[in-house]
Amino acid sequence: MDDLFLKIIAGEIPSKKIYENDSVYAFEDINPKAPVHILVVHKERTESINDTDESKAYIYSDLFLAVRKIAQQLGIDESGYRTIINTGSDGGQEVFHLHVHLLAGKKLGSLV
Ligand code: AMP
């Protein structure tokens with residue numbers, strides 16, 4: 001199994017850690033698209049939203065509760081931020097380990 005984010009979580013590939021708890025690891029994106037660009041990754045390997053069902057609903061609560069904590073930690077909870085999950089080829093997913101992009105630090109243009 002070649003999972004870049006598992007290697008980052010294991011410390012085999014260096015990362016700039018922002019937050020960690022028992023279930024989630026968050027670090028700076030290597031190619032930031034905003035002044036703040038954090039990747040929030042579950043420690044359990046799940047390829048994408050398509051790889052989840054009701055039995056894995058905790059993945060989402062773990063990820064988004066971590067997002068909320070990170071936003072508070074970075075002081076962007078009041079100014080605002082955007083969360084994105086890319087899924088599959090048309091969704092622009094490059095790393096097949098479910099993750100949330102957390103973007104902030106400037107007024108982000110509208111996508112939808
Ligand atoms: P996605 O396109 O949603 O799969 O997002 C993958 C993200 O991982 C991209 O924004 C990349 O810039 C980022 N990325 C790839 N390799 C690394 C790395 N070694 N450290 C931090 N971020 C990375």
Side-chain angles (χ1 to χ4, degrees):
M1 177 194 0
D2 194 25
D3 185 325
L4 174 68
F5 289 167
L6 281 184
K7 288 179 181 164
I8 286 177
I9 291 165
E12 294 165 18
I13 293 173
S15 65
K16 291 188 182 166
K17 181 166 89 168
I18 295 293
Y19 175 83
E20 183 173 16
N21 64 23
D22 287 346
S23 53
V24 167
Y25 187 84
F27 54 99
E28 290 182 1
D29 195 295
I30 204 167
N31 183 21
K33 300 294 196 302
V36 174
H37 188 170
I38 311 295
L39 299 175
V40 185
V41 177
H42 207 280
K43 290 182 178 178
E44 179 179 319
R45 178 179 159 80
T46 304
E47 283 195 4
S48 74
I49 290 177
N50 290 339
D51 194 27
T52 62
D53 60 18
E54 287 77 0
S55 72
K56 290 205 170 183
Y58 62 89
I59 298 266
Y60 298 107
S61 52
D62 289 344
L63 286 172
F64 282 100
L65 289 172
V67 164
R68 180 165 184 257
K69 285 190 178 135
I70 294 163
Q72 289 173 325
Q73 177 184 310
L74 298 179
I76 55 169
D77 48 335
E78 294 297 329
S79 51
Y81 52 92
R82 178 171 294 164
T83 50
I84 297 173
I85 299 177
N86 296 325
T87 304
S89 173
D90 282 2
Q93 185 174 10
E94 293 171 359
V95 178
F96 283 80
H97 181 131
L98 180 58
H99 55 282
V100 178
H101 294 257
L102 169 56
L103 299 144
K106 68 174 185 181
K107 194 165 275 299
L108 297 162
S110 181
L111 287 174
V112 289

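To the nearest 0.5 Å, the span separating OG1 on Thr87 from CG on Leu98 amounts to 7.5 Å. Here Ile38 contributes atom CD1 and Ile18 contributes atom CD1; the two are 4.0 Å apart, rounded to the nearest 0.5 Å. Here Asp29 contributes atom CG and His37 contributes atom NE2; the two are 4.0 Å apart, rounded to the nearest 0.5 Å. For the atom pair CD1 of Ile9 and CD1 of Ile13, the computed distance is 11.0 Å after rounding to the nearest 0.5 Å.
With sequence neighbours left out, Glu20 forms a salt bridge (charged side-chain N to carboxylate O under 4.0 Å, His left out) with Lys17, Lys43. Residues passing the side-chain contact (heavy atoms from CB on, under 4.5 Å) test with Glu78, sequence neighbours excluded: none. Legend: residues meeting side chain to side chain donor-acceptor pair (under 3.5 Å) with Ser23, ordered by chain and number and at least two apart, are Asn21. Here Lys33 pairs with nothing under the salt bridge (charged side-chain N to carboxylate O under 4.0 Å, His left out) rule; sequence neighbours left out. The ring-ring contact (aromatic ring centres under 6.0 Å, His included) search around Phe27 returns Phe5, Tyr25, not counting sequence neighbours.
We find that Arg45 and Asp51 are not joined by a salt bridge, their nearest charged nitrogen and carboxylate oxygen being 4.0 Å or further apart.
Minimum heavy-atom separation, Ala104 to Gly80: CB-O, 3.7 Å. When every heavy atom of Val41 is checked against every heavy atom of His99, the shortest pair comes out as CG2-CB, 3.9 Å.
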Show me, pair by pair, the donor-acceptor contacts under 3.5 angstrom made by side chains of residues 53-72, not counting sequence neighbours?
residue : atom : partner : partner atom : Å
Asp53   : OD1  : Ser55   : N            : 3.0
Asp53   : OD1  : Ser55   : OG           : 2.6
Tyr58   : OH   : Glu44   : OE1          : 2.7
Tyr58   : OH   : Glu44   : OE2          : 2.8
Tyr60   : OH   : Thr52   : OG1          : 2.6
Ser61   : OG   : Tyr58   : O            : 3.1
Asp62   : OD2  : His42   : NE2          : 2.8

Compile the donor-acceptor pairs under 3.5 Å between side chains in residues 105-112 and protein atoms, sequence neighbours left out, one pair per line.
residue : atom : partner : partner atom : Å
Ser110  : OG   : Val112  : O            : 2.9

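Checking side-chain atoms of Glu12 against main-chain N and O of Lys7 turns up no donor-acceptor pair under 3.5 Å. Although no hydrogens or angles enter the test, the distance criterion places no donor-acceptor pair under 3.5 Å between the side chain of Thr46 and the main chain of Ser48. A donor-acceptor pair is defined here as one N or O able to donate and one able to accept, closer than 3.5 Å; no such pair exists between the side chain of Glu94 and the backbone of Ser89.
The hydrophobic cluster containing Ile76 also contains Tyr19, counting ILVMFWY residues as joined when their side-chain heavy atoms lie under 4.5 angstrom apart, directly or transitively.
Residues Leu39 and Leu102 are not in side-chain contact: their nearest non-hydrogen atoms beyond the backbone lie 4.5 Å or more apart. The shortest side-chain heavy-atom distance between Val36 and Leu74 falls under the 4.5 Å cut-off. Within the 4.5 Å cutoff, the side chain of Leu103 has heavy atoms near those of the Ile84 side chain.
Sorted pairs that involve residues 68-97 and meet ring-ring contact (aromatic ring centres under 6.0 Å, His included), not counting sequence neighbours, are lacking altogether.
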